[in-house]
Amino acid sequence: MIPKIGITENNLQKVNTLLSVVLSDEVTLYIKTRKFHWNVAGESFMELHKLFEAQYTELEAIIDIVAERIGKLGGKTIGTMNEFSLLSRIVEHPNKYPVQKAMLSELLSDHETLISELRKDIDLCADENHDAGSADLLTGILQQHESIAWILRRYLN
């Protein structure tokens, strides 16, 4: 059933497509952060192991909120690794196991990519698709990524 919430069916479809991309980004970054959590080694092992765990836990909550938003807008939420990998704007690096500093740099770059992309997504939701709710949700997510990026950046200074 199509929600009657003041957003046209066409705009609901566009926002759900956009949210599916955001969901794919979040899942891909979640998996990458988990991989680094499992494979971090070296002098600051425990500190980074715990940092990555806190970050993937935060990403897990974001994933659930985005997935539920798609449902609230009458869409079906994708849920396979194939679907996520086809839509994600985050680049994966299979069979690569970077050292600590490279892990931090890669995650920082990914969060900054998402921040930049989310800014565009917010404008699309608000201006073109008249969906203030999704724009607000994405603004909150953007702020979470800004906080995570700030923490990662501090490790690299």
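Listed for the T139 side chain is a donor-acceptor partner under 3.5 Å among the backbone atoms of A135. For K32 (side chain) and V91 (main-chain N/O), a donor-acceptor pair under 3.5 Å exists by modelled atom type. For the pair S85 (side chain) and N82 (backbone), a donor-acceptor distance under 3.5 Å is present.
Clustering ILVMFWY residues whenever any of their side-chain heavy atoms sit less than 4.5 angstrom apart, transitively, puts I65 in the very cluster that holds V27. Y97 and L29 are members of different hydrophobic clusters when ILVMFWY side chains are connected at heavy-atom separations under 4.5 Å. Note on L107: it does not cluster hydrophobically with V99, by side-chain heavy-atom contacts below 4.5 Å among ILVMFWY residues. Under the 4.5 Å side-chain contact rule for hydrophobic residues, L86 and V66 do not share a cluster. Residues W150 and L51 fall within the same hydrophobic cluster, defined by Ile, Leu, Val, Met, Phe, Trp and Tyr side chains chained together at heavy-atom separations under 4.5 Å.
Note that the CD atom of E106 and the CD1 atom of I90 stand 9.5 Å from one another [nearest 0.5 Å]. Rounding to the nearest 0.5 Å places OG of S20 at 8.5 Å from CZ of F84. Rounded to the nearest 0.5 angstrom, L59 CG and I141 CD1 are separated by 10.0 Å. Going from atom CG of L12 over to atom NZ of K4 covers 9.0 Å, rounded to the nearest 0.5 Å. Between H111 atom NE2 and S116 atom OG the span is 13.0 Å, to the nearest 0.5 Å.
Closest non-hydrogen pair, T28 versus S88, comes out as OG1-OG, 3.1 Å. Of all non-hydrogen atoms in R153 and L108, the two that sit nearest each other are NH2-CD1, 3.9 Å. Of all heavy-atom pairs spanning C125 and L138, the tightest one is SG-CD1, 3.9 Å.
Two residues are said to be in side-chain contact when any heavy atoms from C-beta on lie closer than 4.5 Å; E60 and E26 fail this criterion. Residues L156 and L152 are not in side-chain contact: their nearest non-hydrogen atoms beyond the backbone lie 4.5 Å or more apart. The closest side-chain heavy-atom distance from E83 to S24 is not below 4.5 Å. Side-chain contact check for E112 versus H145: every heavy-atom pair is 4.5 Å or farther apart. Side-chain atoms of N16 and T77, non-hydrogen and from C-beta on, never get closer than 4.5 Å to each other. Under the 4.5 Å side-chain criterion, counting only non-hydrogen atoms from C-beta, T57 is not in contact with F52. Counting heavy atoms from C-beta on, the side chains of H130 and I7 never come closer than 4.5 Å. L18 places none of its side-chain heavy atoms less than 4.5 Å from the side chain of V21.
Using a 4.0 Å cut-off between charged side-chain N and carboxylate O, K120 and E117 make a salt bridge. Comment: D110 does not engage R89 in a salt bridge, judged by the lack of any side-chain N to carboxylate O separation of less than 4.0 angstrom.
With sequence neighbours left out, the ring-ring contact (aromatic ring centres under 6.0 Å, His included) criterion links Y56 to Y30, H37.
Under the side-chain hydrogen bond (donor to acceptor under 3.5 Å, both in side chains) criterion, the residue pairs touching residues 61-71 are R69-D131, R69-S134, with sequence neighbours excluded.
With a 6.0 Å radius and a threshold of 12 heavy atoms from other residues, nucleotides or ligands, Q13 has its CD atom at or below the threshold. Within a 6.0 Å sphere centred on CD of E9, other residues, nucleotides and ligands contribute 12 heavy atoms or fewer.
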Table please: side-chain donor-acceptor pairs of residues 39-46 below 3.5 Å, with sequence neighbours left out.
unit_1: N39; atom_1: ND2; unit_2: K35; atom_2: O; d: 2.8

